[in-house]
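Remember, it's a predicted structure, so these values are computed and weren't measured experimentally.
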There are 2 protein chains.
Amino acid sequence: MTGSEVAAAAGVSPATVSYVLNDTPGQSIPESTRTRVREAAARLGYQPNAAARSLRVGRSDVVVGLVPDTGYSATFSDLMLKLSRSLSELGLSLVLHPAPLDPVRLRELLRTIDPVGVVALTGLDDDTVTALQAAGVRVVVGTAGAGAPRAWEIRFGAGEFGAAQAQHLRSRGHERIGLVRWARDFPSATDQGRAAALLEVMAVAGQTHIPVLDLPADPGAAEQALGVWLRDEPAVTAVATMDDDVAALVVSSADRLGVAVPDRLAVVGAYDFPVCTLVRPALSTVRADLGDLIGRFAAIIHEAVADAGSPLPDRIAVDTARVVARGST
Amino acid sequence: MTGSEVAAAAGVSPATVSYVLNDTPGQSIPESTRTRVREAAARLGYQPNAAARSLRVGRSDVVVGLVPDTGYSATFSDLMLKLSRSLSELGLSLVLHPAPLDPVRLRELLRTIDPVGVVALTGLDDDTVTALQAAGVRVVVGTAGAGAPRAWEIRFGAGEFGAAQAQHLRSRGHERIGLVRWARDFPSATDQGRAAALLEVMAVAGQTHIPVLDLPADPGAAEQALGVWLRDEPAVTAVATMDDDVAALVVSSADRLGVAVPDRLAVVGAYDFPVCTLVRPALSTVRADLGDLIGRFAAIIHEAVADAGSPLPDRIAVDTARVVARGST
DNA sequence: TTGTACGCGTTATCAG
DNA sequence: CTGATAACGCGTACAA
């Protein structure tokens with residue numbers, strides 16, 4: 001079903017079809033013609049060819065959502081579903097991809113999808129951001145990142161989660177805290193941003209660096225790694241984790257090791273995943289109303305796509321980050 | 001960077017560039033020309049434009065992976081990562097999308113991505129499969145489904161997980177079992193296939209239908225729903241769940257209700273998610289070496305894409321489905 | 001007010 | 001054995 005066929009059915013030229021269906025401004029087409037075209041399009045089930053459109057316009061209508069490759073809880077899933085709906089109303093569509101991606105797979109993604117925007121639930125390192133811009137991505141929404149954000153890049157929640165975690169642990173009397181992240185081949189930018197945010201708060205209490213534990217996903221290996229780490233870092237009485245999945249593994253590993261939570265080791269996670277209330281003790285965590293942000297993301301992306309020259313906010317604060325205290329702290 | 005520029009740099013025509021870089025058979029181009037072209041392409045960092053290619057060829061090189069919209073664990077995440085790599089080697093790329101999708105979003109996905117193949121970690125209902133075929137998708141790999149598979153559709157693991165769960169529960173002496181699935185607006189085809197598989201095994205023991213509990217994701221609501229359901233179904237002494245996330249919520253809800261697991265209620269999950277060993281009692285589950293299947297999926301998709309007429313297997317058995325017995329049964 | 005014609009980058013057909 | 005050239009479907013400048 002092509003635009004020409006619709007034009008033929010409506011008795012107009014292909015150009016008119018394009019004008020009508022795209023609501024092209026500056027064209028004075030009588031309402032009667034418009035309805036005839038729209039009706040024909042609807043009747044024939046006309047769907048514009050995305051490839052032809054992309055080729056002509058020079059960009060696709062696709063936004064890529066980068067999700068953590070460590071698995072992806074219902075919390076994040078809901079977020080992406082919301083984003084998908086919001087973007088959909090604005091004529092954009094969302095597909096997901098696991099992150100972080102190595103340079104080769106990133107290039108492949110950019111080449112095959114040529115997204116107009118990227119929303120990352122993970123941090124993006126500078127090289128990735130640079131590659132995205134070079135590939136023509138109009139707007140990037142992500143969390144942490146080392147340098148200053150570019151004009152077309154928006155950051156959110158860079159430090160709020162870490163700050164909330166550290167403040168909570170301090171308020172519970174802890175003076176030396178650590179960070180637990182997933183062990184992985186390539187370091188994640190989110191991990192680094194979180195560590196920096198924790199340190200900023202703990203520096204006030206005299207802590208000079210944040211010890212980091214790389215936790216393997218395998219329960220046996222995790223237990224061992226935690227045991228060794230706790231011996232090596234005897235001053236650490238509490239840990240913040242990158243997310244609640246990691247926190248859950250810490251708590252259960254501690255249980256097996258005979259390490260009392262929260263007495264010997266307090267644990268605070270992040271994002272309030274469903275797993276929080278499944279483990280014993282239940283996980284304290286930091287949650288934020290990210291769902292609220294999603295609508296703004298969509299609007300910002302739409303704006304950036306529609307009007308390339310419009311200025312973007314370089315940062316969106318997550319002002320709703322709040323501690324949910326449960327049994328693990 | 002376009003093919004024409006490469007052609008100019010190499011002193012050949014654009015057509016020759018296409019022939020060389022695509023290894024088009026039936027063309028006798030001297031090795032010297034080939035190397036010259038390849039060199040120029042590499043030097044200039046040529047990346048073919050996917051939109052133009054899609055427009056010309058009539059399909060994209062993208063495969064869509066449908067993932068459960070309830071969130072998915074590291075187990076599925078790993079699977080998709082493996083699939084992504086396998087497809088990548090075959091010149092195809094993978095993007096993810098939450099499923100099930102309503103008809104509107106499905107159409108949008110098909111229009112914007114125009115995938116050449118679909119791999120679903122969830123079941124696909126018949127309408128969806130029909131829509132996929134109509135949109136020109138060459139091959140669909142999915143789990144359950146009501147009717148018989150189409151020639152271009154491959155099913156895997158339709159009943160194996162359910163059969164293994166039911167057999168395990170029977171071997172533990174249970175004669176009346178139920179199925180627990182996520183409460184959701186639209187029924188999932190996976191859920192229906194699982195129920196049928198369970199019934200097939202339990203029919204031998206005289207069970208005539210499988211009571212189903214729709215579990216809300218919210219812990220409080222889940223606890224209440226489980227309590228009511230157990231009162232309504234006093235004969236049920238064990239449940240199989242759709243996956244380990246659901247199973248974990250059942251176990252923790254039972255704990256809060258004072259229902260002893262496994263004595264009053266045995267619980268067996270599926271897929272061996274990491275959450276299995278995080279809850280008490282640890283979850284019995286059914287696992288299969290799906291990673292092994294992934295490579296075959298990729299090969300089958302590649303085959304179907306490369307040679308439209310080649311016959312596909314209509315079914316791939318998951319012969320490695322095995323029970324992992326832990327504390328919950 | 002509407003239609004014609006061109007170009008986006010690629011691949012396939014068909015002369016040379 | 002090689003390379004012009006047309007065509008894919010759309011959007012838009014310009015002509016009618």
Examine C:dG9: is either OP1 or OP2 under 4.0 Å from a nitrogen or oxygen in the side chain of B:T2? Give yes or no. no

For the backbone of A:A10 and the side chain of A:R36, can you confirm whether one donor and one acceptor N or O come within less than 3.5 Å of each other? yes

Less than 4.0 Å between a side-chain N and a carboxylate O, is that true for A:D292 and A:K82? no

Grab the N/O contacts between the protein and nucleotides 13-16 of chain C below 3.5 Å, and write none if there aren't any.
| unit_1 | atom_1 | unit_2 | atom_2 | d |
| --- | --- | --- | --- | --- |
| C:dT13 | O4 | B:Y19 | OH | 2.6 |

By nearest atom, which of the nucleotides C:dT10, C:dT11, C:dT1 is closest to the A:S28 side chain? C:dT1

Which of A:L87, A:I301, A:V62 passes side-chain contact (heavy atoms from CB on, under 4.5 Å) with A:L94? It is A:L87

Note the angle between the end axes of the helix from C:dT1-D:dA16 to C:dG16-D:dC1, five pairs defining each, rounded to 10 degrees. 60°

Heavy atoms within less than 4.0 Å of DNA chain D: which residues of residues 87-95 of chain A have one? Give them sorted by number. none

Can you find a heavy atom in the side chain of B:I154 that is under 4.5 Å from one in the side chain of B:R296? no

The side-chain contact (heavy atoms from CB on, under 4.5 Å) partners of B:T35 (sequence neighbours excluded) come to B:E31

Is any side-chain heavy atom of A:Y19 closer than 4.5 Å to a side-chain heavy atom of A:V37? no

Closest non-hydrogen atom pair, B:A9 against B:A40: CB-CB, 4.3 Å

With heavy-atom distances below 4.5 Å as the criterion, would you say the side chains of B:W152 and B:V129 are in contact? yes

Classify the ring geometry of B:Y72 against A:Y72: parallel below 30°, tilted from 30° to 60°, perpendicular beyond 60°. perpendicular

Taking NZ, NE, NH1 and NH2 as the nitrogens, is one of them in B:D191 or B:R184 under 4.0 Å from a carboxylate oxygen of the other? no

Measure across B:D114 and B:A135 and return the closest heavy-atom pair with its distance rounded to 0.1 Å. OD1-O, 3.8 Å

Could you list by number each residue of residues 30-62 of chain B showing a heavy-atom separation from DNA chain D of less than 4.0 Å, or answer none if no residue does? B:P30, B:L55, B:R56

Quiz question: by atom type and distance under 3.5 Å, do the side chains of A:S93 and B:R105 form a donor-acceptor pair? no

Looking at side-chain heavy atoms only, is the closest gap between A:F156 and A:L293 below 4.5 Å? yes

OP1 or OP2 of C:dG3 under 4.0 Å from side-chain N/O of A:T16: yes

Would you say that B:V63 contacts B:V116 through its side chain, given a criterion of any heavy-atom pair below 4.5 Å between the two side chains? yes

Which is the 5'-most and which the 3'-most nucleotide of DNA chain D that has an atom under 4.0 Å from a heavy atom of chain B? D:dC1 to D:dG9

Using modelled atom types and a 3.5 Å cut-off, is there a donor and acceptor pairing between side-chain atoms of B:E5 and backbone atoms of B:T2? yes

Within this structure, what is the CD-to-C1' distance between B:E5 and C:dG9, rounded to whole angstrom? 11 Å

